[in-house]
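Data block below; observations after.
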Amino acid sequence: MRETLKLGRYQLRDLMRSKWLFAYSGFFFLVTFALFRFVGDGSKVAVSLMNLVLFIIPLVSTMLGTTYYYGSREFVELMLAQPIKRGSLFAGLCLGVSIPLVLSFLAGVGGAFLFCGSEVAQDLPAFLTLLVVGAVLTFIFVALAFLVAVTNKDKARGLGISLLFWLVFSVIYDGLVLLAVVCFADYPLEMPLLILSILNPIDLARVLILLKFDVSALMGYTGAVFQQFFGSSWGIAIALTSLVGWSVLTFILGRSCFARKDF
Amino acid sequence: MIEIRGLKKRFGKLHVLEEVNLTIGKGTLTAIVGPNGSGKTTLIKSLLGLVHIDRGEITIDGRKVNGDCAYRKEIGYMPQIARYPENLKVRELLGMLKDLRGVREGLDEELVEQLEIGREMEKPLRTLSGGTRQKVGAVIAFLFNPKLMILDEPTAALDPVSSSRLKDKIVAENRKGKTVLLTSHNMNEIEELSEQIVFLLEGRIYFQGLIADLKRQSGEQNLERAVAALMRGARP
């Protein structure tokens, strides 16, 4: 644990110096700020912001996680030649990438929140949920990217596969749900859709935020199923648990692949 | 110092190491030679635990290599290609390693001066040339006064001045009783540095012993020709 923290700290310093992290932060700041100024209404802002968060965070985390891992392969070898446990090294790498990302996301969106305090105050719990969900999603997709990168030697292939994961979760999935709803309209679809939703962290995140905001019109099919099946508070609890489960499982799977890997 | 018994390793269908048995005595300076792809780096990496072996047993200084990482405290490793976190400065990288190992005293920073890295200390690693990174790798390998030094082509990217200074350092440390294991393609360098030689080809050891014996055995005066003769003899 101590090793992990030390490693993470140095990586944090390494990554915090790169300019595009500030660009990431600045992007979120500007967009949030602009949404508040031009859209105004709290829940509308939240929904637009949510769509952006659900789209951008997984994409950036996946891409950055994968390229970072491939870029630090030699560094990993150097570290493994030191008296350091593989598990600690993996955890250090994972946290070292996800924490800077989370911090710059929080700084960007949170910074804009400070400027628009009165609008945020009306929907405070929901906006906080948005921040938490963004952080959890970052961690999940960094861990997923690491899992892919650890198990694929070739960088182009690894990047392709992690991009495919993102594409499936954020674009193709919605199409599949729609297709299923249209094709099997005569059958009870609640259970299969619920399972499908739990298998997709991005959808879980969306359901979680929308249940918190209580805007059922925008919930989409899976969100509605969630609310109908569990009710709002149970739905939130289950979506949150599943999200945490996602991050723990991808992390553990990645770590065990990393431990068995030859360098 | 190092005992390898019946070591086997394959990557998929490719047999990289087959039945490697090797003993390396304390305080020796041994060179591993062999053509590209003969398994030198894999052998080194299995000593470091970077590669999991399929069969056999490796003992370093009485401790079995089996996933526990404490034995690596006594090893200094210099990899073939040295790449480090891009935005860290050299000083921070060295600081990080000291911090991770929890060692602050009894450090050997002689090479910092000898390889003239002092003025690179405050530069981010990404701005350094390949040769300078290699020098940083050398500094790291010697930094903690390890009992065993494993150097994978240590002088490959260095200029003549740095290369000879590094070689002097290797010999000096060896004289102090440290065990050194290195690989190189430069036979003159090996002749200059080491007494013991291990010849590896297609994952098997074809010769292990004194360089003088190898020359006598092959009837050649110079090491390069002796190794070439060995290679011809080994290949059907």
Side-chain angles (χ1 to χ4, degrees), chain A residues 1-22 64 67-93 95-97 99-100 150-155 255-263, chain B residues 9-12 16 41-42 44-54 63 67-89 92-103 124-126 133 136-137 140-141 143-144 146 148-152:
Chain A
M1 195 59 205
R2 241 183 58 228
E3 285 170 353
T4 306
L5 290 178
K6 279 182 187 173
L7 273 165
R9 213 179 61 220
Y10 281 97
Q11 267 184 307
L12 196 75
R13 205 188 287 176
D14 176 35
L15 269 171
M16 275 306 188
R17 286 208 188 115
S18 50
K19 293 178 197 83
W20 60 261
L21 259 186
F22 289 97
L64 181 75
T67 40
Y68 191 87
Y69 181 83
Y70 285 114
S72 53
R73 270 185 291 188
E74 282 82 9
F75 173 69
V76 168
E77 282 185 25
L78 171 78
M79 284 296 126
L80 287 178
Q82 311 298 322
I84 292 173
K85 288 193 201 79
R86 284 199 180 191
S88 321
L89 179 60
F90 184 77
L93 286 170
L95 291 178
V97 177
I99 289 175
V150 166
T151 46
N152 287 283
K153 233 181 172 150
D154 183 50
K155 185 177 177 179
R255 197 179 60 177
S256 89
C257 289
F258 187 75
R260 278 183 276 119
K261 190 179 158 69
D262 287 328
F263 287 89
Chain B
K9 176 68 196 175
R10 41 191 252 190
F11 291 117
V16 185
T41 299
T42 307
I44 282 181
K45 285 184 173 177
S46 33
L47 290 176
L48 289 162
L50 286 169
V51 162
H52 298 290
I53 58 178
D54 294 336
R63 274 192 264 197
D68 185 32
C69 59
Y71 78 98
R72 287 198 290 262
K73 274 184 192 148
E74 308 294 347
I75 302 179
Y77 170 55
M78 179 173 171
Q80 216 175 79
I81 310 163
R83 268 171 59 190
Y84 307 108
E86 292 199 331
N87 296 319
L88 280 188
K89 292 172 185 163
E92 286 166 341
L93 179 70
L94 298 182
M96 169 171 78
L97 289 170
K98 291 174 198 167
D99 198 22
L100 280 171
R101 291 217 187 196
V103 180
L125 283 147
R126 86 184 111 85
R133 287 178 200 205
V136 174
I140 291 171
L143 190 59
F144 298 99
L148 170 64
M149 261 169 291
I150 299 178
L151 315 169
D152 202 353

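What's counted below: heavy atoms across the whole structure, side chains too, no hydrogens, waters or symmetry copies. Proteins come first, then strands; the chains are lettered A, B, ... in the order of their sequence lines, and each starts at number 1.
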> Looking at B:Pro146 and B:Ala141, what are the two nearest heavy atoms and their distance?
Replying inline: CG-O, 3.5 Å

> How far apart are the closest heavy atoms of A:Leu21 and A:Pro100, and which atoms are they?
Replying inline: CD1-CB, 3.7 Å

> Among B:Leu50, B:Leu47, B:Val51, which has the most heavy-atom pairs under 4.5 Å with chain A?
Replying inline: B:Leu50

>> Looking only at heavy atoms and a cut-off of under 4.5 Å, which of B:Thr41, B:Ile75, B:Leu48, B:Leu100 has the most pairs with chain A?
In response: B:Leu100

> Where does A:Ile84 contact chain B at under 4.5 Å (heavy atoms): side chain, backbone, both or neither?
Replying inline: both

> In terms of heavy-atom proximity below 4.5 Å to chain B, should A:Arg86 be classed as side chain, backbone, both, or neither?
Replying inline: side chain

>> For A:Phe258 together with A:Phe263, are the ring centres under 6.0 Å from each other?
In response: yes

> Any side-chain heavy atom of A:Tyr70 within less than 4.5 Å of one from A:Asn152?
Replying inline: yes

> So which part of B:Leu97 gets closer than 4.5 Å to some heavy atom of chain A, the side chain, the backbone, both or neither?
Replying inline: side chain

>> If you define the side chain from C-beta out and look only at heavy atoms, does anything of B:Met96 sit under 4.5 Å from A:Met79?
In response: yes

> If you count heavy-atom pairs under 4.5 Å between each of A:Pro83, A:Gly71, A:Ser72 and chain B, which one has the most?
Replying inline: A:Pro83

>> Is B:Lys73 close to chain A through its backbone or its side chain, or both, or neither, when contacts mean heavy atoms under 4.5 Å?
In response: both

> If you look at every heavy atom in A:Gln82 and B:Ile140, which pair is closest and at what distance?
Replying inline: NE2-CG2, 4.3 Å

> What part of B:Ile150 is in contact with chain A, defined as an atom under 4.5 angstrom from a non-hydrogen atom: side chain, backbone, both or neither?
Replying inline: neither

